[in-house]
Amino acid sequence: MRGTDGDAKPLRALLIDDDPDALLFMRDVLDRRGGMDVATAGDAETALRSLDGVDVVVTDVEMPGMTGLELLTRIRAARPDQPVVVVTAHPSLDYAVEALRGQAAEFLRKPLDPAELLRVVTDLGRTAREAAAAARHVVLAVGAHPDDVEIGVGGLLSAHAARGDEIAIVTLTRGARGGTTATREDESRAAARMLGARLFLEDGEDTRLPVNDPTLSAVQRVIEEVRPQTVYVHSFHDLHQDHRAVHQATMVAARKVPTIACYQSPSATVDFKPNRFVGIDDYVERKLDLLACFGSQVKTRDYLESEVIVATARYWSRYGGGRYTEPLEVVRDRTDAMPVVEER
Ligand SMILES: [Zn+2]
């Protein structure tokens, strides 16, 4: 687990106080001594507009306009997990302080002890980052060729992206048989960018992918790097030998991944037998946009025609809900992590 050490981004603190000297003092401690990225605000209203990307908020209580107490309540409502440190010069007389104690992550008295301030903010920031990292869901889509995963789970990946999941795509060949590799690489990158996905483009031999190395170790390497909770991959029920090889290699490489499901390719056989149907009504257009990235293929491959893509999703909706559906053969599901899942 990365904290604030090494190459991780420095912690970001937002300091709020109407006293410029107090701000200067706190900034000095957290920035110069703590190496943090520090933003400041002289009032609560400004602070509320500056919360994006902030790990820890440190606020004074006694301020004109909105007080630190009201600010804390507002932050709690919008960001329940945001750590807030409350600072006051008058702990004894302030009846509100008792109320604050329950909501504030920490409570410090002025004059501030620099070492204590630094320790409290650092601990809270690290804990918050670790919790956020633990809650993040990582999805890996594995395909033999450029455009395979977009055809199979383009809608589903768009749904994962919309809910903030981290997405990675590994493509085992650069598609030399289907056009120039440079074009197909660019196309793959454009689609990955649209999804906000990390793309791993391997150099396997198109149409001759082996089940064992280098396919197996390539998938294994990516899994070790991105640590997915969910993997989507080709079905074994597929006429294309590369698709079957990638399926088999991924079954081995992803043996410790909690959830694995297989998608349908245009070359899937009648033995493709999905048992999970994911509604993609809101993401059909997005799926078509993704596939439009593969311009060099759209002209020559009729399975990439919008009509075929939409009609296929429409067909599978007879087993799922809504109008458009992507079908999956679930090999194993220990996380319940797919968005909008409809059981047959
Ligand atoms: Zn393929």
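Start at 1 with the first residue, then count along the sequence. All figures in this text were calculated on a predicted structure; none of them were measured in a lab. Whatever order the structure lists ligands and atoms in, that order sets their numbers, starting from 1.
Other cluster members for L216: V252, joined by side-chain heavy-atom distances under 4.5 Å among Ile, Leu, Val, Met, Phe, Trp and Tyr.
Taking the six-membered ring where the residue is Trp, H160 and H137 present parallel rings, their angle staying beneath 30° rather than reaching 60°.
Within the protein, the N, O or S atoms lying under 2.8 Å from the Zn ion (ligand 1) are H145 ND1, D148 OD1, D148 OD2, H243 NE2.
By the side chain to side chain contact (heavy atoms under 4.5 Å, CB included) test, A313 is found to be paired with I280, Y324, residues two or more places apart in sequence or in another chain being considered.
Taking CG of L172 as the start and OG1 of T250 as the end, the distance is 7.0 Å to the nearest 0.5 Å.
Each of H237, H243, H240 was evaluated against S267; a single residue qualifies, H243, per the side chain to side chain donor-acceptor pair (under 3.5 Å) test.
Listed by first and then second residue, the side chain to side chain donor-acceptor pair (under 3.5 Å) pairs involving residues 284-295 are K287-E326 (not counting sequence neighbours).
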